[in-house]
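Everything on this sheet refers to the single structure shown next.
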Amino acid sequence: MSQHPYPFKEIEANVQSIWEKSNTFRTAEQNTRPKFYCLEMFPYPSGRIHMGHVRNYSIGDALARYKRMRGFNVLHPMGWDAFGLPAENAAIQRNIPPGTWTTDNIAHMKKQLKKLGLSYDWDREIATCLPDYYRWNQWLFLQFLKRGLAYKKGGLLNWCDQCATVLANEQVEDGLCWRCKSPVELRSLEQWYLKITDYAKELHDTLKDLSGWPEKVRTMQENWIGPSTGAHIDFSIAGMDKHLTVFTTRPDTLFGVTFVTIAPEHEEMENLLSRSDNRDLAHAFIRETLHKRTTERNTEIIEKEGIDSGIRLIHPLTGETIPLWIGNFVVSGYGTGVVMGVPAHDTRDFEFASKYGLPIKTVISDPEKNPAGSPLEAMTGPGVLVQSGKFDGLRNDLAKVEITRHLEEKGLGRSVTTYRLRDWGISRQRYWGTPIPVIYCDTCGLVPVPDQDLPVILPDHVSFTGKGGSPLAEHPSFLHVKCPKCGEDAKRETDTMDTFIDSSWYFLRFTDPKNTQLPFDRQTAAHWLPVDQYVGGVEHAILHLLYARFFTKVLNDLGLSPVREPFDALLTQGMVLKDGSKMSKSKGNVVDPDLLIDRYGADTVRLFTLFSAPPDKDLAWDDKAVEGAFRFLGRLSQKSQELVSHPGFLPTRTPPASLSQELRLVRTKIHETIQDVTRDLDGDAQMNTAIARLMELLNTLYSIDLQKGADERMVLQEGLQVTSMLLSPFAPHLSQHLWNLLGEEGLVADAPWPELDQSALVRDVVPFIIQVNGKLRATLMLPPSTTESELRETALNDEKVIRAIEGFQIKKVVHVPGKLMNFVIGPG
RNA sequence: GCGAGAGUGGCGAAAUGGCAGACGCACCAGACUUAGGAUCUGGCGGGUAAUCCCCGUGCGGGUUCAAAUCCCGCCUCUCGCACCA
């Protein structure tokens, strides 16, 4: 190994120190060059980087370096998504303060990223757990509050009594607390919410404009927001001066309603049941259902169950009396939490009605089938209305419109669009997060922390019992505070913010990371935003990317953000797999980037992750295949060394005027490579094929015998030099080393992208494909300018073509100039 | 169940409707060697003695002079959502 011509450790350390010393990647605020904002999703500082990070950041770095050489002023920052639960768990398990644990992890991971040679402007580094950053979370929260976009609301949440904390859905396992295994119950609790539903329509409708986003991500967000058009229809309550409103997408089936079903946790439930004879049984049913909902959360299909509430409703159009049932299958929080039951035309209602013997009334007939007899299943397809009064005979799609219009005229309904998206619950009963900046005063109520008192500092020294509950509630000097309004004793909010808040605007902070007056300066942000290229894992397709879009729109409405959409183009890289599954500790199939870098160098690791699959597809890790990338860099290094060691070596870039046929073809290959690599990077960032082109070029360069003459050495020189430039986005260390070795001064990162020599692209002869009935029969090497008749003549003199045509008649000849000729033959 | 995406050698993968399998891994042969797990050169979809020829891009149809690519139907896998009215 010591004699290996590719001493990567030396080269990489050396090149990294040059970058460090010259501040190569510090971004200047200037307007002489067009801007390019390249951003990769910042990591959670878990302790060590993994191959997913390596892939993510190699892709982003290649793009940043490429754009830089193309003349852009590139902003390429990095930071730390530093709040979160693992830090608290580490604190409990190992008795290390979360802040210390996080800081240590950041230091280690930063070292690892530097070893990879990523071109970040580290002067802009941010860590969300620092008051410098999270004070602006607090400030922004208060802006939301002022605008009515943050509010507090009670709701049913998973509660573990033993741990005295709320649990996320993912933390409930088979109805038990994931940590202490005690039963989880639903408890009504107050929580802070952000009103993302106010923006549901815009978040949905502008998705179609995000042409730089993968179709897949847009579709996922579309489904998540889930708009659904239909109608609200009012059913008045018998014996009360009130009504219940249902949401339906099928107003055309209104005449088929035989019951109405309400969610067990509906807000009006107590009110309603106070008038019911069936009150006690209904209460028992609700209790049981809510209990089951926690214990049977993970079982796929819960059987439909319900009970007659005893309440009666009046059908808005027929005036019929309709029973109100309480049903476990009705989702509260979607629509109105009340649905009309049309068993004849809805599979769920049919199931429910069949079970409880409720009547089934057909109101849409399928012209194909005989409507006589009692149906065996719900008919959900299209048809014509029957038993629907004056709407009889109408096609059901038209009836939707007509019935809704009729209801609107009578003031009994209206057409609406509902969204599946719910408001964003941001309270967490945890320590390691941004304190929510509000104070509770017995006299003044809820008081926002005044701007001048920000930041509300997260205290350093807290005790972790491991028993759950927020440590902040146990921290007297944090908890107790004077009311900013009246000066009396008051208490702080002890919940902290969801960490997704941190990542919802960090891309704006990067443009102005040291601002102490505002989260960022609008003008500065206006220069850089939107992010031109965002790169990250598809696992953030919904939550992070939706929240970031939401924040950007709100901040735009607040006059802060210069744009309404944060990310112009999005690249979601695939996972790194090993042995067919995602790398994970539990599977024992992780590959440690440090070991790989130590063994092969950062350039090899980067090159392999970019080469082995297109960026958006999953990457199968293969220890052996990594050596292929390593060999390629070794061969490149070896050839360059051989050239500069030759006594006749001249560090010149000027290509000789007249060359042999063979060398002219090599130059053609060199310039075709420039063309292809540029096209691959400009288009869909197909780095795998770009690197393949560079491998081809090196294979071609290996065919040159540099002992032969000065022409050979000059062409080789040009080829290697071009390679060192084209390769530098992917393997920047070796590229820099070769750049200097081959006689150039300074940094290849500062060099302009190589230019095409159009004259070198011209070939004397090109392959012409000759087909007979669409099948390849010959490949003829002819000048590109060959005319149709010349081509035809040459082709018909070709032995194989003659044999294929013999005995048949030529019916037609298809000619594609410069490319192909197809003889269509038949019996003749 | 709904929605989206993907099926090409032993493997990772390439192919503006025009040479299927570029490039890499693995494998095979040769060269240099005391040695090769270094390096260089060549081979490498299947059938075949063959450089001829035939077959071949999940399956079945279709459009076209020409289909991995476009259209219709099906199968399989992956991902997302899932009692959303």
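Sequence lines set the chain letters: A, B, ... in the order given, protein chains first and strands last, and positions in each chain run from 1.
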Which donor-acceptor pairs under 3.5 Å do side chains of residues 324-341 of chain A form with protein atoms, sequence neighbours excluded?
{"residue": "A/N328", "atom": "OD1", "partner": "A/E305", "partner atom": "N", "Å": "2.8"}
{"residue": "A/N328", "atom": "ND2", "partner": "A/E303", "partner atom": "O", "Å": "2.8"}
{"residue": "A/S332", "atom": "OG", "partner": "A/E265", "partner atom": "OE2", "Å": "3.4"}
{"residue": "A/T336", "atom": "OG1", "partner": "A/T245", "partner atom": "O", "Å": "2.7"}
{"residue": "A/T336", "atom": "OG1", "partner": "A/F247", "partner atom": "N", "Å": "3.4"}
{"residue": "A/T336", "atom": "OG1", "partner": "A/V338", "partner atom": "N", "Å": "3.4"}
{"residue": "A/T336", "atom": "OG1", "partner": "A/V338", "partner atom": "O", "Å": "3.2"}

Have a look at A/V331 and say if it touches a base, only the backbone sugar-phosphate, or nothing, with a 4.0 Å heavy-atom cut-off.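 Base, at least one base atom sits under 4.0 Å.
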| query | Restricting to pairs with a member in residues 620-632 of chain A, which pass side-chain hydrogen bond (donor to acceptor under 3.5 Å, both in side chains), not counting sequence neighbours? | reply |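 Non-adjacent pairs meeting side-chain hydrogen bond (donor to acceptor under 3.5 Å, both in side chains): A/Y600-A/E627, A/W621-A/D623.
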Q.
Looking at B/C65, I'd like to know if its phosphate oxygens (OP1 or OP2) sit under 4.0 Å from a side-chain N or O belonging to A/K811.
A.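 Negative; the distance criterion is not met.
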Parsed dot-bracket for RNA chain B after applying the Watson-Crick and G-U rules with both distances under 3.5 Å and | for other-strand partners is (((((((..(((.....[....))).(((((.......))))).(((.....)))..(((((..]....))))))))))))....
Assess whether one donor atom and one acceptor atom, taken from the side chain of A/K304 and the base of B/C83, lie less than 3.5 Å apart.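 Flag set: donor-acceptor pair detected.
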*Within the modelled atom types, does a donor on one side and an acceptor on the other bring the side chain of A/Q771 and the base of B/G18 under 3.5 Å apart?*
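Per atom types, the contact qualifies.
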* To do: Please work out whether B/G45 sits syn or anti, treating a glycosidic angle within 90° of 0 as syn.
  =>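 Nucleotide B/G45 adopts anti.
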- [ ] With sequence neighbours excluded, tell me which residues meet ring pair (Phe, Tyr, Trp, His ring centres under 6.0 Å) with A/W424.
- [x]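 A/W424: ring pair (Phe, Tyr, Trp, His ring centres under 6.0 Å) contacts with A/Y547.
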Might you list the N or O atoms of the protein lying below 3.5 Å from N or O atoms in nucleotides 15-17 of chain B, with each pair's distance?
{"residue": "B/U16", "atom": "O4", "partner": "A/K819", "partner atom": "NZ", "Å": "2.8"}

_Please give the distance between the C1' atoms of B/C28 and B/G45 as a whole number of Å._
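My reading of the C1' atoms in B/C28 and B/G45 gives 16 Å.
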- Query: Does any pair with a residue in residues 771-792 of chain A pass salt bridge (charged side-chain N to carboxylate O under 4.0 Å, His left out), and if so which ones, sequence neighbours excluded?
  - Reply: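 Residue pairs passing salt bridge (charged side-chain N to carboxylate O under 4.0 Å, His left out), neighbours aside: none found.
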